[in-house]
Amino acid sequence: MMAEPSGWRLVISKRIFTPTDEMLAPLRRRRDRGYEDEVTRAFDAFLVDPGMGPATYLSTSGRVLWDDDMWGIRGTLGDALTSIAVAARKTGVRALLGLAPPRPEGAADCVRCRATRGVSSPRGDGAVHHFVCFACGGLGWVSDALDLEASVVERVLRR
């Protein structure tokens, strides 16, 4: 068993995803180029979102890890799905979108993002920020068959 890192508050999800070699190979290359820290080493994980929110990691075992020192991550299925969609965008590994559950019959397009997985917000300087849609977890659809508010937390490591 690996020693767990000290000095954080990590929210760690259950094993909810099954990353494939196609997804992991480019993440390993990124990690080998310097995207490595104590969390990536302790959990065999990849830093998939370094900021503008909690630092987020995806482990090879299919867990999402959130560095939650101040962000208030609840560790819901919606948080995990949003993290995967953000990871696909920030790392350029579009194959990560394959971790999302298949759209069930009867699912409705998300009215917030209009089934695009994201929303945009203008900044004061004329630029536009693009965000993953939190209403649907970046899926582009919603369904009563998928409870985005369900907790996926396995454990929390504290300092």
Side-chain angles (χ1 to χ4, degrees), residues 8-31 35 39-40 43 45-156:
W8 303 280
R9 179 179 182 272
L10 286 178
V11 177
I12 303 169
S13 79
K14 301 171 189 171
R15 292 179 176 173
I16 53 177
F17 300 113
T18 307
T20 64
D21 287 338
E22 177 189 7
M23 297 168 192
L24 296 177
L27 294 175
R28 283 189 177 100
R29 286 191 296 274
R30 278 176 52 88
R31 186 173 62 186
Y35 289 90
V39 175
T40 62
F43 292 94
F46 308 96
L47 178 61
V48 293
D49 183 3
M52 292 303 289
T56 305
Y57 302 81
L58 174 64
S59 75
T60 58
S61 67
R63 290 180 168 85
V64 178
L65 298 88
W66 297 276
D67 180 348
D68 191 35
D69 281 342
M70 64 182 203
W71 296 99
I73 288 290
R74 296 182 355 241
T76 64
L77 179 58
D79 292 334
L81 292 169
T82 299
S83 295
I84 294 302
V86 169
R89 182 162 25 115
K90 288 197 173 183
T91 65
V93 182
R94 302 287 296 165
L96 290 171
L97 295 174
L99 295 173
R103 182 179 177 142
E105 190 166 323
D109 286 351
C110 177
V111 296
R112 173 87 168 110
C113 69
R114 298 184 184 129
T116 64
R117 299 180 182 245
V119 294
S120 299
S121 175
R123 294 185 342 193
D125 63 1
V128 177
H129 280 289
H130 301 283
F131 301 95
V132 170
C133 181
F134 289 98
C136 64
L139 294 172
W141 52 265
V142 294
S143 170
D144 290 339
L146 189 67
D147 183 2
L148 296 178
E149 294 299 315
S151 176
V152 295
V153 175
E154 180 175 87
R155 63 187 165 140
V156 176

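Just so you know, these numbers use all the heavy atoms, side chains as well, and skip hydrogens, waters and symmetry mates.
- Taking both residues in full, the closest heavy atoms of V132 and G137 are given as CG1-C, 4.4 Å, listed atom of the first, atom of the second, then distance.
- Under the 4.0 Å criterion applied to side-chain N and carboxylate O atoms, D109 and R103 are assigned as salt-bridge partners.
- Taken from NE2 in H130 to OG in S120, the straight-line distance is 4.5 Å, to the nearest 0.5 Å.
- For the pair P19 and G62, the tightest heavy-atom approach, listed with the atom from each and the gap, is CD-CA, 3.7 Å.
- Taking every heavy atom of both residues into account, W66 and T56 meet most closely at CD1-OG1, 3.6 Å.
- Heavy atoms from other residues, nucleotides or ligands lying under 6.0 Å from CD of E154 number more than 12.
- In this structure a side-chain-to-backbone donor-acceptor pair under 3.5 Å is present from R31 to A45.
- At distances below 3.5 Å, not a single donor-acceptor pair connects side-chain atoms of D68 with backbone N or O atoms of V11.
- Nearest heavy-atom pair across V153 and S151 is N-OG, 3.3 Å.
- No side-chain donor from either of T116 and R114 sits under 3.5 Å from a side-chain acceptor of the other.
- A distance of 5.0 Å separates CD1 in I84 from CG in L99, rounded to the nearest 0.5 Å.
- Shown here for T82 and G138, the closest heavy-atom pair between the two residues is OG1-N, 4.5 Å.
- Between D67 and V39, the closest side-chain pair of non-hydrogen atoms is not below 4.5 Å.
- With contacts defined as side-chain heavy-atom distances shorter than 4.5 Å, the pair T76/L148 does not qualify.
- Under the 4.5 Å side-chain criterion, counting only non-hydrogen atoms from C-beta, L65 is in contact with S59.
- Rounded to the nearest 0.5 Å, atoms CG (L96) and CD (E22) are 9.5 Å apart.
- At least one side-chain heavy atom of L146 sits under 4.5 Å from a side-chain heavy atom of W141.
- Residues M23 and L58 fail the side-chain proximity criterion, which asks for heavy atoms closer than 4.5 Å.
- Atoms CZ and OG1, from R30 and T40 in turn, are 11.5 Å apart once rounded to the nearest 0.5 Å.
- Looking at F46 and T60, their side chains come closer than 4.5 Å, going by heavy atoms from C-beta outward.
- Residue pairs meeting the salt bridge (charged side-chain N to carboxylate O under 4.0 Å, His left out) criterion with at least one member in residues 81-101, sequence neighbours excluded, are D49-K90.
- No side-chain heavy atom of R117 sits under 4.5 Å from any side-chain heavy atom of C133.
- Of all heavy-atom pairs spanning L47 and A55, the tightest one is CD1-CB, 4.2 Å.
- Using a 4.5 Å heavy-atom threshold, the side chains of P101 and L139 count as touching.
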